[in-house]
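A quick write-up on the structure given underneath.
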Protein chains: 2
Amino acid sequence: MIIGQRNRLQYIILGLLNQRPQTGYDLAKAFENEIGEFWQAQHSQIYPMLKRMETSGDITHEDTVTGEKLAKKQYSLTPAGHAKLVAWVSEPSPELSATKDEFILKLYFIKTAADPRLQPMLQEQAVLHRAQLAHLKQRRETVFPNQTAIDQAYGHYLILDHAIGREQYYVDWLEKFLR
Amino acid sequence: MIIGQRNRLQYIILGLLNQRPQTGYDLAKAFENEIGEFWQAQHSQIYPMLKRMETSGDITHEDTVTGEKLAKKQYSLTPAGHAKLVAWVSEPSPELSATKDEFILKLYFIKTAADPRLQPMLQEQAVLHRAQLAHLKQRRETVFPNQTAIDQAYGHYLILDHAIGREQYYVDWLEKFLR
DNA sequence: CCTTACATGTAATAAGTTACATGATTGT
DNA sequence: ACAATCATGTAACTTATTACATGTAAGG
């Protein structure tokens, strides 16, 4: 089975499983939480990918049971999977990030500063991004209460810090144009 | 022919054609230049979409010829298309922007600040984002040399300003962790 | 002449979303 | 009991990318 060269989801899953063995459900949660700011994937994309990756020999699973009979599949890396992960992280990342922002696009079609739709649009986004910023800051406080926590998951700290800064910029930018 | 509810590309094309009648080629350029920071689409996605949109009555085209025989299709909005555009811009945009950033994800899998891969990775990205920042600033200078230019395409100015600020933040953030 | 840009399309594949479908466990 | 969460999967559809394919126009 051939897995395409640019299958980024695959590498992200390898990275997540390298941290600790996890179920598909756990992975889906990670895409909502810690890495959701920079990559998204639904469980309907994750489960088939896990099967493909197991077939190609990069991961394996162990069946476990929770409670009386709830079956779980705990996936973990094979040596081949680990090697593939290391190679991916070491590779250059020459592509600038791809953003799809529908709101900003709408702004593009606002021709003058006096357009009556402009201020309500900015207000709406300010509410949204202020909430997101507060949420991310809250997460930083709970996940990284001290330096020890930071040192033990430095990458996680970095991306959370980046996400917070990005949201802060977004809010500041909106406020620059709010009347 | 049913065009799905969330077909965002369609609305973006409506917005671009509302500015002035354009060819598919022109639209593809716009996705590389002025709006490329916030949405991407290739010509292979654009040409079929233009056909669908014409079939559904939102746009029409006029055949023109450049030079001796180079055929072009100049697309423009119908009243129905214009109405659809106005409705889209006025709608709320409750979804936060979706970003896919492979580099930041790789950082997530760097466990400690001492990892020897970290600094080269940050350096590489700094080169990339500094270049992008310089490019965007250059564009602002040429496209908006004075207040009149800003007033006449305010939305365009806004999104270019946003993109510059975003890149500036990215560079600043990288430099915060560079040794 | 030759290269770059203009111009339009289709085919094949890959990636991603939404909906459908089912069942167990935990906490209230 | 009931709701929320845990847990796994497939089906149908939409969206997006890469490659294939062709030809004209403009500038040096």
Side-chain angles (χ1 to χ4, degrees), chain A residues 1-13 21-33 35-36 38-56 59 61-75 95 97-100 102 105, chain B residues 1-13 21-33 35-36 38-56 59 61-75 95 97-100 102 105:
Chain A
M1 176 173 293
I2 296 154
I3 294 186
Q5 317 89 296
R6 295 218 181 196
N7 185 346
R8 267 99 121 223
L9 177 58
Q10 169 194 206
Y11 297 109
I12 299 160
I13 291 176
Q22 291 181 76
T23 66
Y25 187 87
D26 295 331
L27 295 173
K29 286 285 154 203
F31 280 99
E32 285 171 14
N33 300 316
I35 60 174
F38 302 101
W39 209 273
Q40 302 83 39
Q42 277 69 42
H43 78 271
S44 57
Q45 204 183 351
I46 293 165
Y47 287 117
M49 181 59 74
L50 287 169
K51 292 206 169 173
R52 281 173 64 191
M53 291 169 70
E54 185 160 40
T55 304
S56 68
I59 60 176
H61 81 269
E62 206 179 311
D63 290 304
T64 62
V65 173
T66 300
E68 285 296 298
K69 47 181 165 176
L70 180 58
K72 291 198 214 188
K73 295 182 181 175
Q74 205 80 18
Y75 285 94
E95 278 153 58
S97 52
T99 304
K100 298 226 161 168
E102 191 175 4
L105 273 176
Chain B
M1 179 171 296
I2 296 154
I3 294 187
Q5 317 91 295
R6 295 219 182 196
N7 185 348
R8 267 100 118 223
L9 177 58
Q10 167 194 209
Y11 297 109
I12 298 161
I13 290 175
Q22 291 180 77
T23 66
Y25 187 86
D26 296 331
L27 296 173
K29 286 286 154 204
F31 280 99
E32 284 171 14
N33 301 316
I35 61 174
F38 302 102
W39 208 273
Q40 302 83 40
Q42 277 69 43
H43 78 271
S44 58
Q45 203 183 350
I46 292 165
Y47 287 117
M49 182 59 75
L50 286 168
K51 292 206 169 172
R52 281 173 64 190
M53 291 169 70
E54 185 160 42
T55 304
S56 70
I59 61 176
H61 81 270
E62 204 179 313
D63 290 303
T64 62
V65 173
T66 300
E68 285 296 296
K69 47 181 165 175
L70 180 59
K72 292 197 212 189
K73 294 184 182 175
Q74 204 80 17
Y75 285 94
E95 277 153 59
S97 52
T99 305
K100 299 225 159 169
E102 191 175 3
L105 274 176

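Proteins get letters first, then strands, A, B, ... in listed order; numbering begins at 1 in each. For the numbers below, each heavy atom of this structure counts, side chains included, while hydrogens, waters and symmetry mates do not. What you are looking at is a predicted structure, and each value in this text was computed from that prediction instead of being measured.
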Show, in sequence, the C-alpha distance, side-chain angles and deciding distance for A/T23 and A/Q74, and conclude whether the side chain to side chain contact (heavy atoms under 4.5 Å, CB included) test is met.
CA-CA 5 Å; A/T23 66; A/Q74 205 80 18; 3.6 Å; yes
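- Between the OH atom of B/Y11 and the P atom of D/dT15 there is a distance of 10 Å, given to the nearest Å.
- Of all the residues in residues 38-48 of chain A, A/H43, A/S44, A/Y47 reach under 4.0 Å from DNA chain D with at least one non-hydrogen atom.
- In this entry the distance linking CZ of A/R8 with P of D/dA16 reads 14 Å, nearest Å.
- Put simply, the side chain of B/Q40 never gets that close to the backbone of A/A98: no donor and acceptor are under 3.5 Å apart.
- Taking only side-chain atoms of A/Y25, from C-beta outward, the nucleotide of C/dT25, D/dT15, D/dT5 with the closest atom is D/dT5.
- Closest to the A/L70 side chain, of the nucleotides D/dG23, C/dA5, C/dG23, is C/dG23.
- When atom types are taken as modelled, the side chain of B/E102 and the backbone of A/R8 share no donor-acceptor pair closer than 3.5 angstrom.
- Look at CE on B/M49: it is 8 Å from P on D/dA16, rounded to the nearest Å.
- Between the NZ atom of A/K72 and the C1' atom of C/dT26 there is a distance of 12 Å, rounded to whole Å.
- Position along DNA chain C of the nearest nucleotide to B/A71 versus B/K100 favours B/A71 as the more 5'-ward residue.
- For the pair A/K73/A/D63, a side-chain contact is recorded, criterion being any heavy-atom separation below 4.5 Å from C-beta on.
- Here A/E95 pairs with A/R6 in a salt bridge; the nearest charged N to carboxylate O distance falls below 4.0 Å.
- Put simply, CD on B/E102 is 15 Å from C1' on D/dT17, counting in whole angstrom units.
- Note on B/T23: a side-chain N or O is less than 4.0 Å away from OP1 or OP2 of C/dT8.
- In this structure, A/D63 reaches neither bases nor backbone, as no heavy-atom distance under 4.0 Å exists between it and the strands shown.
- With respect to B/K29 and B/E32, a salt bridge is recorded, a charged nitrogen being found less than 4.0 Å from a carboxylate O.
- For the pair B/R52 CZ and D/dA16 P, the computed distance is 11 Å after rounding to whole Å.
- Contact between the side-chain N/O atoms of A/K69 and the OP1/OP2 oxygens of C/dT25 is not found at any separation under 4.0 Å.
- In this entry the distance linking OH of A/Y75 with C1' of D/dA7 reads 12 Å, nearest Å.
- Residue A/K29 has its side chain nearest to D/dC6 when only D/dC6, C/dA7, D/dA25 are considered.
- When rounded to the nearest whole Å, the span between CG of B/L9 and C1' of C/dG16 equals 16 Å.
- B/F31 is listed as a side-chain neighbour of B/I12, based on a closest heavy-atom distance under 4.5 Å.
- With distances taken from any side-chain atom of B/T66 to the nucleotides C/dA7, C/dT8, C/dT18, the minimum falls on C/dA7.
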